[in-house]
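Proteins get letters first, then strands, A, B, ... in listed order; numbering begins at 1 in each. No hydrogens, no waters, no symmetry mates; every other heavy atom, side chains included, goes into these values.
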Amino acid sequence: MEELLKITKSGLYCPHGDFYIDPWGKVDRAIVTHAHSDHARPGMKRYLCSDESERVLRLRVGQNAPIDTLPFGQQIDINGVKVSLHPAGHIIGSAQVRVEYQGKVAVVSGDYKTQPDRTCTPFEPIRCHTFITESTFGLPIYQWPLESEIFSQINRWWRQNQEVGKTSILMGYSLGKTQRALSGLDPSIGPIIQHDAIVPYTDAYRMGGVDLPDTLRFSDIPTRFDWRQAMIIATPGSNAPPWAGKVQAVSSAFMSGWTAVRRTKKRGSADKGFILSDHVDWPSLLDAIAETRAEEILVTHGYTREVVRYLLEQGLDARELPTHWSDEEPKPVASESEPADSEEMGGPESV
Amino acid sequence: MKAFADLYTELEEATHGEDKVSILFRYFTQAPDEDASWVVALIKGDRLKRSMSRSTFLDIARTVASLPDWLFEASLDAVMDQSETVALILPEPNFAEESTQSLAWWIENRIKHLPHLDAPQKEQVLREAWAMLPSSQRLVFNKLVRGTIRLRADAKHLISALSMLSGVSTTELTHRLSGAWIPEPNSYQALITPESNDFLTSRPYPFRYPSERASDRKDLGLVAKWRVEWKWNGKRAQIIRRSGKSTVWLKGEQLVQDQFPELIELGDLLPNGCVIDGEILAWKEGQPESTTTLDKRLTRAPKPKDRKELPITFVAFDLLELNGIDLRERPLVERLSQLQKVMDGLQQLGADGIPSHPGVMDIRPNLHLSISIGAESWSEVSGAVQRARDLRVEGVIIKRLESAYDEDMSDWQKWLCEPLQIDVVLMYVEWVGGRNGTEECHYTVGLWKGRVLVPIAKARANLSNSEIHAINAFVRENTLEKFGPVRTVKPEIVMRLEFDAIQASTRTKSGLSLKGPRIIKWHSNLTSGDVPDLDVLVNLLPS
Ligand SMILES: [Zn+2]
Ligand SMILES: [Zn+2]
């Protein structure tokens with residue numbers, strides 16, 4: 001029997017149903033797990049996504065793109081293949097795609113996390129025969145602290161910056177990460193200002209019913225403004241940020257799972273890192289895989305080799321699935337200015 | 001331990017000194033004394049010794065983590081820090097099991113015992129700690145165990161933060177922190193107690209410096225009105241004896257008693273309330289040694305063999321305080337006679353038979369008194385300046401006998417000997433960039449040793465822009481080899497090099513080290529064959 005899903009040059013393809021999941025080539029029919037650009041590309045003839053995902057997907061692939069939507073859990077038939085979407089807990093509307101044909105079930109998880117996040121519907125484990133999982137943080141060194149702990153760290157940092165008259169600049173990926181950060185900020189501390197590039201995504205979250213604290217848009221700020229109390233939410237990597245010149249002293253921080261390791265903590269000019277990730281960490285990855293009870297695990301973007309080898313040694317049938325998907329926040333290069341302590345690098349040592 | 005783990009991380013993240021100070025300030029306002037005392041020790045650089053070897057540590061970690069070896073290795077590769085890897089790969093403790101013990105508790109009750117435990121006990125201690133400490137605290141715990149912890153702040157940040165906290169001046173804190181530190185709660189309390197009696201101030205007086213030689217000699221009057229001494233090439237210092245305690249200060253309020261225990265021993269012989277001004281010199285067999293020897297002594301507290309192999313002396317030349325009375329307003333002539341009396345009291349007879357430098361009187365080991373060169377006319381003074389290099393001094397210093405120890409510059413003047421000059425060949429050019437788009441280069445120049453050129457100095461050029469342009473154009477045309485920003489040039493350009501002093505060195509190819517080298521002239525009419533042999537320079541070495 002032909003495989004239920006296979007990799008073609010345009011992407012992950014279901015031959016029986018004649019559709020693609022998160023394709024990188026232009027195709028007639030694309031099911032899109034979530035609106036991050038490595039998964040949702042413009043130019044498809046027809047899209048299918050979760051109804052919670054539609055607004056943000058339109059921001060990415062065009063307001064008039066032909067998009068069909070499906071509520072979570074509802075099954076449809078595409079050329080005899082049963083298709084349904086289930087929450088992946090990654091960002092708003094992010095879905096796992098369940099496909100079933102002649103009793104065989106495969107689940108494409110897209111990007112996912114099992115940590116709580118009140119800005120999106122939580123991940124649901126789905127039983128299947130074949131599970132396609134990401135492995136962005138697939139090493140045991142990645143174990144996320146509690147979200148509540150990170151949020152209290154961020155709020156404490158904001159207060160401390162205020163005490164020394166510094167504006168806080170919190171940077172993260174524009175879709176998903178910054179809205180999740182917003183959901184954890186304590187608006188009683190001071191005004192929260194959004195970089196203009198983030199505003200449409202946050203608006204989409206609010207329209208989708210996600211309750212977020214009030215924010216100001218950066219370009220609406222009057223000339224006389226006490227920046228020292230403020231928290232600016234921004235995307236990283238803007239060379240000439242609009243606040244340059246307006247805001248005197250700043251302290252900046254970057255939110256990403258990569259900040260868990262000291263040598264990959266510093267990103268650009270950021271002073272600080274907060275460990276806030278929208279991907280599964282090592283223990284949750286293993287749990288999620290176990291809960292699917294899948295016989296076959298296909299591992300994509302991240303530490304694929306390590307995860308496959310580990311699963312094989314655990315007696316599972318696992319292999320790598322080469323895709324063009326990547327983490328929306330690519331792994332930073334280790335900073336050269338702050339090497340790890342030399343004694344720790346593993347040079348010779350007398351015992 | 002949580003506060004300490006936060007401190008570690010925040011100091012590592014902070015890039016500005018002022019931020020480090022406020023981070024430390026915030027830490028000390030809430031830290032218990034026993035922890036604060038340890039933090040002081042760790043920043044002062046009194047590293048905790050390694051309590052466990054790397055292999056034992058990693059073996060235990062592998063056992064506890066129970067991961068496949070290859071995955072443990074892959075994790076080490078990704079993190080590139082053993083303590084951190086081990087901190088990250090273990091599961092977080094349950095909230096209820098989390099430790100609330102202090103930094104000092106972990107060090108005193110666990111880490112310090114590790115070296116005396118057998119293998120199973122060691123493993124038990126680490127297991128227990130790892131199960132109780134969250135990841136960020138495990139990181140600092142592991143680094144304490146391994147002796148690799150380093151707080152990213154220096155003594156300056158520490159002192160500023162403690163000064164803000166306690167109101168004790170930074171100078172006083174510098175003084176209180178000098179010497180050995182015992183990481184105990186009492187030490188920390190004593191450190192931040194406002195002006196406690198244990199630490200009566202022993203600040204130095206502001207040093208008085210000579211001005212450059214005045215061009216007009218008429219104003220000087222009779223030479224008999226002046227004290228004329230050699231100008232030593234060492235480190236200006238004050239030895240202070242107050243409240244039964246001796247200290248040694250360099251300019252810039254730098255305390256150096258740890259580096260020079262000899263001088264503390266001398267200080268202990270002085271009467272209470274006494275301050276002597278002078279210069280520290282590397283000194284062997286009655287003669288001043290090169291400053292590189294002294295620099296070696298300045299970097300560390302000496303081992304017994306350093307005191308023997310890198311001997312130093314203090315050449316005294318002024319007395320600023322006696323019996324607790326500030327003498328600085330008294331005329332120099334009076335201060336000198338008092339200084340002579342203090343020296344007489346310390347004089348140790350039975351010299352070793354080696355004649356000392358003519359500029360000093362031997363008092364005792366590690367102590368000399370600077371004496372007058374005995375010139376009877378200004379032309380004799382000028383003559384002395386000519387001889388200065390042979391005597392391994394920089395020139396002479398003249399001080400008006402009636403002058404107070406104050407700010408009036410014209411009363412103290414230094415007459416330095418003329419710079420030395422030699423013709424050299426350009427060998428390498430290093431582009432170091434430049435401000436305002438100018439080309440800025442370092443020129444390495446050399447002399448012949450037989451048929452080979454030997455580099456003798458790296459110098460900047462005090463030449464006109466057009467000359468520099470012409471030279472650099474030649475360099476671009478005649479580069480033999482390029483290594484990064486350094487170009488090896490065809491040895492054809494001859495230049496005149498000027499420098500202030502020369503001394504032997506074991507660190508250079510030529511065996512010489514020149515002080516203050518600079519290029520002052522381009523001989524466009526000379527070729528490399530016109531340049532002298534290295535021996536010419538060697539002959540300039542002081543005998
Ligand atoms: Zn994504
Ligand atoms: Zn992705």
Side-chain angles (χ1 to χ4, degrees), chain A residues 137-146 149 153 156-157 160-161 163-166 249 251-254 258-266 269-275 281-283 303 305-307 309-310 312-314 331 334 337-351, chain B residues 2 6 8-10 12-16 18-19 21-23 25-26 47 50 52-59 65-92 95 134-136 138-139 142-143 146-152:
Chain A
F137 293 103
L139 277 184
I141 52 174
Y142 295 109
Q143 304 188 30
W144 308 142
L146 292 178
E149 166 60 23
Q153 281 176 15
R156 190 166 61 237
W157 167 72
Q160 284 173 357
N161 289 338
E163 280 165 23
V164 293
K166 286 186 179 177
S251 177
S252 56
F254 182 68
W258 299 115
T259 67
V261 171
R262 284 153 66 237
R263 59 188 280 268
T264 53
K265 180 151 71 176
K266 291 235 169 172
S269 60
D271 302 310
K272 224 177 151 56
F274 290 112
I275 310 169
D281 63 0
W282 174 260
Y303 285 98
R305 221 158 27 105
E306 288 80 0
V307 172
R309 180 168 174 190
Y310 184 80
L312 287 171
E313 289 182 5
Q314 302 298 304
K331 185 176 177 179
S337 56
E338 299 249 343
D341 300 334
S342 53
E343 297 91 319
E344 296 278 355
M345 300 289 281
E349 182 183 5
S350 57
V351 179
Chain B
K2 177 165 185 343
D6 289 347
Y8 177 84
T9 308
E10 286 173 21
E12 190 169 61
E13 288 169 346
T15 42
H16 300 291
E18 65 207 76
D19 294 338
V21 172
S22 48
I23 290 162
F25 175 80
R26 207 157 52 220
R47 270 197 185 186
R50 180 159 66 93
M52 194 179 276
S53 73
R54 184 173 72 217
S55 56
T56 312
F57 176 80
L58 287 181
D59 284 347
S66 65
L67 290 169
D69 276 352
W70 65 266
L71 188 54
F72 193 87
E73 294 305 318
S75 300
L76 282 172
D77 285 349
V79 179
M80 285 176 72
D81 181 309
Q82 293 144 13
S83 296
E84 188 182 357
T85 308
V86 173
L88 291 171
I89 53 173
L90 301 171
E92 285 290 283
F95 185 70
S135 172
S136 66
R138 275 200 298 250
L139 171 67
N142 291 348
K143 285 183 176 284
R146 295 280 299 110
T148 55
I149 191 132
R150 197 156 81 75
L151 294 179
R152 310 251 173 190

Non-neighbouring partners of E306(A) that pass side chain to side chain donor-acceptor pair (under 3.5 Å), sequence neighbours left out: none
Indicate the atoms forming the closest heavy-atom contact of A78(B) with V261(A), along with that distance. O-CG1, 4.3 Å
Per-pair distances, 0.1 Å, donor-acceptor, side chain in residues 70-77 of chain B, under 3.5 Å, sequence neighbours excluded:
residue : atom : partner : partner atom : Å
W70(B)  : NE1  : E313(A) : OE1          : 3.1
W70(B)  : NE1  : E313(A) : OE2          : 2.8
E73(B)  : OE2  : R62(B)  : NH2          : 2.8
S75(B)  : OG   : L71(B)  : O            : 2.9

Quick one: pull up CD1 in I275(A) and OG in S135(B) and give me the separation to the nearest 0.5 Å. 7.0 Å
To the closest 0.5 Å, what do you measure between NE2 (H16(B)) and CG (D271(A))? 6.5 Å
Enter the distance from E13(B):CD to W157(A):CH2 here, rounded to the nearest 0.5 Å. 10.0 Å
Here the pair of heavy atoms bringing P140(A) nearest to L67(B) is CG-CD1, 3.7 Å
Least distance between heavy atoms, L139(B) atom then R262(A) atom: CD2-CD, 3.7 Å
Among Q160(A), R309(A), K166(A), which has the most heavy-atom pairs under 4.5 Å with chain B? R309(A)
Could you look at L139(A) and say if it's the side chain, the backbone, both or neither that has a heavy atom under 4.5 Å from chain B? side chain
Can you tell if the side chain of Q143(A) reaches within under 4.5 Å of the side chain of L88(B), non-hydrogen atoms only? no
For L90(B), is it the side chain, the backbone, both, or neither that has a heavy atom closer than 4.5 Å to a heavy atom of chain A? backbone
